[in-house]
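Here the structure is laid out as structure tokens; the discussion comes afterwards.
Atoms within each ligand, like the ligands themselves, are counted from 1 in listed order. This one's a predicted model, so the numbers in the text were calculated from it and none came from an experiment.
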Amino acid sequence: MTQPSTTTEPAAAADDTMTVRGGVPVEGELDIRGSKNALPKAMVAALLTEETCRLTNIAAIRDIDVVDELIGIAGGSVEHDPDQIRITAHSFSALGEDDVERLHAASRIPVLTTAVSLHRTGTAVVAAPGGCAIGPRPVDFHLRVLRAFGARDDHREGMIHLRADRLRGARIELPFPSVGATEQFLFAAVLAEGDAELANAAIEPEILDLISVLQKMGALISVEPNRTIRVTGVKALGGFEHRVIGDRLEAASWASLALATGGRITVRGVQQQDLATFLNVYRRAGGDFTIDAAGSTISFRRARRMLRPLAIETDVHPGFMTDWQSPFVTALTQAEGVSVVHETVYEDRLGYTDALRSLGAQIQVFTECLGPTRCRFGAANHRHSAVVVGPTKLHGAELVVPDLRAGFSYVIAAAAAEGDSVIHGVGLLERGYADFRTKLTAVGVDHS
Ligand code: EPU
């Protein structure tokens, strides 16, 4: 049985176990709601104003609860209707160490409120990064951004205390186009004094969605060629109404399930352009898809009996996303020949391959960069490349979910395998894939 990796999530509860009876191609239709990696950031943006902000296309994911709690502690209010969230933060007080410690352990989102807290209170506390199943997930780029804006930080007993009377625009270049550090920059720059520029910024669709929100609030932001974002700070921001983009990571996960089992899944509510790279790779591997005129309903299917092997390298947008990697590579265990995977975004995102081996997959992990890019992880000896030999007949096994995307991959592998698999820790999945069990039933995965 696979051992659970170190994770920031609580250990699996006893009723957190699911049995999947695999070997049957999936078939069904699903609605995809607001993106897990965009929605909570739009909630954080709402804290930059005293006016009421309204978000729609809401997915029931755990990070919403975390941000809800954070807003409540800070003195704001959050109201939920079936399909909307209204946030009003007339006042905002900086979080204390205990709240910071608890909330930061539950999610990556609270660190993004650091610039907001500095704007509104002149102080902020950040928990030093802890263990995480996909790598240490440091905050040094965030600190680099905030220091450039004039914040001073003081590190004591696992906590980082920041202070700034006023954030002032600056020119910053990120060592790597980090999504979170780019968001931190945006939250800092929109209300800072003067002009700010971020070179080597992340430009993921989720970032562009956040920029749309901030623009609706009155921010002055331009995205230049070559990953540069320029912002001119304004004195105050107003409320907004925003429909959050559909979750392209969830869509790709279900698409990979269809590919692995030789089935067919239609997803409604994501945009074709946000999945362009994934769609190309999907087709090259022997999958196919049809897309409606609006580009928001996509039917995925396996187009040939035997999938084709591929070489893939994960990258920042518009490259092949790291969050697509594990579900898609799980499908590649069914390809005829040798596939090669090079993970260049996280140093430790191939741990799930151990579990796939226990189902019969033939996968070997390497420390070398097995791809055209010499990435940060090759010289540091991280096990970040893999070779997958297929097709392998998968059989049922017992598995423990280590993180969100790896967990979905285990479900894909279990659904493609002959026999029963027992997966522990599926609660973690329900926190990032809204209505996960209902959707599994909707596409015909036999589970209990
Ligand atoms: N990094 C640093 N220092 C920092 C920040 C990042 O070294 O201060 C490194 C990370 O260790 C990693 C790389 O930069 O090697 C990229 O990290 P990034 O900051 O872009 O990731 P993130 O903002 O923490 C978001 C998503 C992730 C997604 C990545 C990459 C959210 C809540 N999370 O994380 O999503 O993989 O961007 O696109 O938006 C997931 O959905 O399962 C997930 C992990």
Side-chain angles (χ1 to χ4, degrees), residues 7-9 34-44 59 61-64 66-67 104 106-114 126-148 153 160 172 174-187 198 200-210 227 244-245 247-253 274 277-278 314-327 343-349 351-352 375-377 380 382 384 401-409 428-429 431-434:
T7 171
T8 51
E9 302 289 347
S35 154
K36 165 190 161 291
N37 289 348
L39 175 54
K41 283 78 176 277
M43 293 176 76
V44 173
I61 49 161
R62 176 157 187 258
D63 277 340
I64 295 186
V66 174
V67 186
H104 281 240
S107 160
R108 188 74 176 161
I109 307 300
V111 73
L112 297 176
T113 60
T114 311
V126 177
C132 169
I134 58 173
R137 304 191 81 176
V139 293
D140 53 329
F141 300 168
H142 296 248
L143 294 180
R144 181 190 285 231
V145 165
L146 295 166
R147 281 179 197 141
D153 53 292
I160 306 167
I172 305 151
L174 289 178
F176 183 83
S178 151
V179 169
T182 300
E183 290 158 345
Q184 193 75 261
F185 165 85
L186 288 167
F187 292 133
L198 186 69
N200 206 24
I203 49 164
E204 266 65 10
E206 293 79 11
I207 299 266
L208 300 183
D209 199 50
L210 176 61
R227 297 189 169 278
V244 178
I245 55 166
D247 197 317
R248 67 194 175 113
L249 314 186
E250 182 181 1
S253 299
D274 295 342
T277 302
F278 179 81
T314 63
D315 208 339
V316 294
H317 188 74
F320 190 89
M321 275 214 78
T322 174
D323 300 294
W324 295 332
Q325 184 256 111
S326 56
E343 168 61 54
T344 78
V345 178
Y346 287 110
E347 63 269 53
D348 190 14
R349 222 174 188 180
Y352 72 94
C375 80
R376 301 165 288 159
F377 309 137
H382 290 295
H384 71 295
V401 171
D403 70 73
L404 188 63
R405 307 297 166 195
F408 199 101
S409 310
L428 222 159
L429 279 166
R431 292 168 187 173
Y433 290 93

Query raised in the report: So, for Val345 and Phe377, which heavy atoms are closest and what is the spacing to 0.1 Å?
Result: O-CZ, 3.5 Å
Requested in this report: Please determine, by modelled atom types, if Glu343 and Thr314 share a side-chain donor-acceptor pair under 3.5 angstrom.
Outcome: yes
Query raised in the report: By number and element, which atoms of ligand 1 are closer than 4.0 Å to a non-hydrogen atom of Val139?
Result: 8 (O)
Query raised in the report: Where on His142 is there a heavy atom closer than 4.0 Å to ligand 1, on the side chain, on the backbone, on both, or on neither?
Result: both
Query - Sub-3.5 Å N/O-N/O distance, Asn37 and ligand 1 - result: yes
Query raised in the report: Side chains of His142 and Gln184: is there a donor and an acceptor less than 3.5 Å apart?
Result: yes
Query - Residue part near ligand 1, for Phe141, under 4.0 Å between non-hydrogen atoms - result: both
Query - Test of proximity, Glu347 against ligand 1: N or O pairs below 3.5 Å - result: no
**Report entry** Residues Arg349, Ser326; criterion side-chain hydrogen bond (donor to acceptor under 3.5 Å, both in side chains); working and verdict
**Finding:** CA-CA 8 Å; Arg349 222 174 188 180; Ser326 56; 5.9 Å; no
Report summary line: Numbered in order shown, the ligand 1 atoms found under 4.0 Å of a heavy atom of Phe176 are 13 (C), 14 (O), 16 (C)
Requested in this report: With sequence neighbours excluded, tell me which residues meet ring pair (Phe, Tyr, Trp, His ring centres under 6.0 Å) with Tyr433.
Outcome: Phe408
Query - Residue list, side chain to side chain donor-acceptor pair (under 3.5 Å) with Glu206, at least two apart or on another chain - result: Arg248
Query raised in the report: For ligand 1, is there an atom lying under 4.0 Å from some heavy atom of Arg376?
Result: yes
Query raised in the report: To which of Pro175, Ser326, Ser178 does the heavy atom nearest atom 19 (O) of ligand 1 belong?
Result: Ser178
Query - Any N/O pair Tyr346/ligand 1 closer than 3.5 Å - result: yes
**Report entry** Between Gln325 and Tyr346: side-chain donor-acceptor atoms closer than 3.5 Å
**Finding:** no
**Report entry** Mode of Lys36 contact toward ligand 1 - side chain, backbone, both, neither (heavy atoms, under 4.0 Å)
**Finding:** side chain
Query raised in the report: What's the spacing between Leu404 CG and Ser253 OG if we round to 0.5 Å?
Result: 7.5 Å
Report task. Give the minimum heavy-atom separation between Gly407 and Pro402, together with the two atoms involved. Result -> N-CD, 4.4 Å
Query raised in the report: Non-hydrogen atoms of Pro138 versus ligand 1: any pair closer than 4.0 Å?
Result: yes
Query raised in the report: Is the shortest side-chain N to carboxylate O distance from Asp140 to Arg147 below 4.0 Å?
Result: no
Report summary line: Within the 4.0 Å heavy-atom cut-off, what Val179 brings close to ligand 1 is both
Query raised in the report: Does ligand 1 have an atom that lies less than 4.0 angstrom from a heavy atom of Arg349?
Result: yes
Requested in this report: Give the atoms of ligand 1, by number and element, whose distance to some non-hydrogen atom of Gly180 is under 4.0 Å.
Outcome: 19 (O), 23 (O)
Report task. May I ask which of Asp323, Ile109, Thr182, Asp403 has a heavy atom nearer to atom 43 (C) of ligand 1 than the others do? Result -> Asp323
Query - Heavy atom of Met321, distance to ligand 1 below 4.0 Å - result: yes
Report task. Could you tell me whether Lys41 and Glu183 have a side-chain N and a carboxylate O separated by less than 4.0 Å? Result -> yes
**Report entry** Whether Lys41 lies under 4.0 Å from ligand 1, heavy atom
**Finding:** yes
